[in-house]
Student: 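Encoded as structure tokens, here's the structure I'll be asking about.
Each ligand, and each atom within it, is numbered from 1 in the order the structure gives.
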Amino acid sequence: MVVLCAGLTARYCGRCQSSDLGPIKPRFGSIPVFSQPWWRRSSGFMMVRRCLLEHSKWDNPLPLSPERTAEHLDLEKKEKDNTLPTGTIDLVSLRDVDIREEEAKDIANTEQTQTEVPYIKKEVEYVDKEATTLTKVLYEKKETKVVDKEEHAQTLVSFTKEEAVEVDKVEQTRIKVTYNIVFVTAEAAPYSKTGGLGDVCGSLPIALAACGHRVMVLSPRYLNGILNSHYASAKDLEKHINVSCFGGDQEVAFFHEYRAGVDWVFVDHPCYHRPGSLYGDEHGTFGDNQFRFALLCHAACEAPLVLPLGGYTYGENCLFLVNDWHASLVPVLLGAKYRPHGVYKDARSILIIHNLAHQGVEPAITYENLGLPAQWYGALEWIFPTWARKHALDTGATVNILKGAIVTADRILTVSQGYAWEITTAEGGQGLDELLSSRESVLNGITNGIDVDTWNPETDKHIPFNYSVDDLSGKSLCKAALQKALELAVRPDCPLIGFIGRLDYQKGTDVILSTMPELLQDDVQFIMLGSGDPDTEQWMRWAESSYKEKFRGWVGFNEPFSHHITAGCDILLMPSRFEPCGLNQLYAMRYGSVPVVHCTGGLRDTVETFDPFVDEDGRGTGWAFSPLSEESMLAALRTAIKTYREHKSSWEGLMKRGMLKDFSWDSAAAKYELIMEWALMDPPYVR
Ligand code: ADP
């Protein structure tokens, strides 16, 4: 209340703050006093009256008596016409009460907000005993009116809200600014995917296109035997260009498919045609990945200028959304290669970091291959600290392509807010924390959405039984089918724990391995799907033969099976060491499987630990444990298992709360729009 008064008085009172008070007649001390009758009718005046009362309260401890008031007031200065408020502040005389009753009526007529109401009551309370009867009436009257006002106000508000929505819609269609957006990415589902990057670049563009933007996605046309059919609908645009890098001219072609409102453009070159995964094969990572993705970036910079998609090019005034290190040469090229020639002067670039662990680091000598002017070397230069060098002659000099984008992109985004903060710390910054901190003002995090059509338990074609939050019977059938398919005992009472993901140190698979013997002493079943680290793959094969009754390990990348596990398991385990966003926990919740995750990055942002003592049915969607250790992971899993076995209704609550969460791209896409707007508001960072 005091705060309210301070605010009000500051607006009107010469004592609190000099403002235009209109005609001020003699001052009593520092309190301004008014004589114009019209003031009484204005709500502004009411503020002043209250201000006077407030000041009076400060100066004179309450309750004020007429005697005390008289002591403080010079009655001789009382105005002859006795128009109130006058030069006197006989606040507690009966007459004044009368006047305040008048005022109160005025207030009742003019009051706009409920916040002032308690104050009126207070004012009444200060009145002398003699005025008790009168003040009671006043109080009641006031209350009655307040109630009326409240109802009226509510009607007004709801009406205004509805109106506002309508107006907003009309306004939006009228004045919506749309952008020409160019995604550059190494993967885009369903064409190519090894992880979350593919999922995001396969669904976010569609969400942005649905918002009215013109969206193009540029990624390589991987022909590795398995993916070839994914590009069957993409037509050759018959536009061949030469890209100058790696000591010569490289000819690239473009294939195009228009789907879901998005121009999917595939850069074609022999370096993308080879067996294996997108980045490597059984012998390890491809040695020419720097070349492969430098080529993608060069081609991506040309595409908006040369490809007449739907009859028109995207043109120079576009917004590049560059994803991870593979696309990070784009902002550097804009500044180094195009802008000096007056091209892309008004374009902007936003770097989206899906995983800071991969930075595209190669020896410094490779810089000259990248097709950049020599004077831009500093943008990519990266010197490893002495302790990280491999031998005495190693100078530690490298080029770091992700760093190039960090220092040249107009804005930087990560895939969750938690991760946006983590990467500015020494623990999470993977050596780039200081650079990222230096760009903190343009660094934001937006939690990924998911493709709610592909990942929908009601319609998913990859699961044997469909189900919804209203009828979960299909989920039990999916579990039974999964147990059967894995040749595990078909037991509804036995908790089935799942893990899906890359077999990588990041994903905490080492903690799973070391915890497994103890975990499997309990009556549980465990299914693990993944590929990556050969030792972990080997361990999975060993564990399957050692724990025949309880453990199954599926080595490989199998998308339909990942859907079935997500639907069929009860608990999804994600002990990631760090997790920029993580999608599996979102899929799990959407499918009524309860995530148990390490409390880090996007996992911390999206999984709320179950608390059975809040509300009637508890609150939360899973368990987020910390620190990442065998003990805390086991403790979290055992709590989950106990809840599953012994508290069926709590478990159902957990499942349903997860299923009802909105993980669609809608709200994330709106946030992306805002960031794009901000990017275009500022001048290009590198001119
Ligand atoms: P990351 O991008 O770090 O690999 P995310 O959780 O963000 O992790 O995304 C992983 C995506 O890849 C999910 O869609 C997951 O289902 C999928 N995925 C990972 N490994 C496999 C696998 N072996 N088989 C099928 N899908 C997989």
Student: Do R552 and F526 meet the cation-pi criteria used here (NZ or CZ under 6.0 Å from the six-membered ring centre, within 45° of the axis)?
Tutor: no
Student: Could you tell me if N355 and Q506 have a donor-acceptor pair between their side chains, going purely by distance under 3.5 Å?
Tutor: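 Yes, a side-chain donor-acceptor pair sits under 3.5 Å.
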Student: Find out whether the Lys NZ or Arg CZ of R221 is both under 6.0 angstrom from the six-membered ring centre of F255 and within 45° of the ring's axis.
Tutor: yes
Student: How would you list, by chain and number, every residue that makes a salt bridge (Lys or Arg N to Asp or Glu O under 4.0 Å) with K484, sequence neighbours excluded?
Tutor: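 Checked K484 against salt bridge (Lys or Arg N to Asp or Glu O under 4.0 Å); zero matches.
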Student: List, for ligand 1, each N/O atom that has a protein N/O partner under 3.5 Å away, with both atom names and the distance.
Tutor:
unit_1   : atom_1 : unit_2 : atom_2 : d
ligand 1 : 2 (O)  : G196   : N      : 2.6
ligand 1 : 3 (O)  : R502   : NH2    : 2.7
ligand 1 : 3 (O)  : K507   : NZ     : 2.8
ligand 1 : 4 (O)  : R502   : NE     : 2.8
ligand 1 : 6 (O)  : L583   : N      : 3.0
ligand 1 : 8 (O)  : K507   : NZ     : 3.0
ligand 1 : 9 (O)  : G196   : N      : 3.1
ligand 1 : 14 (O) : K193   : NZ     : 2.9
ligand 1 : 14 (O) : D199   : OD2    : 2.6
ligand 1 : 16 (O) : N584   : OD1    : 3.0
ligand 1 : 23 (N) : G556   : O      : 2.8
ligand 1 : 24 (N) : N558   : N      : 3.0

Student: Do Q483 and Q525 pair up side chain to side chain, a donor and an acceptor below 3.5 Å, judged on atom types alone?
Tutor: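 Their side chains do contain a donor-acceptor pair, which is all the 3.5 Å distance test asks for.
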Student: Tell me whether the guanidinium CZ or amine NZ of R274 lies under 6.0 angstrom from the six-membered ring centre of F286 and within 45° of its axis.
Tutor: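 Yes, a cation-pi geometry.
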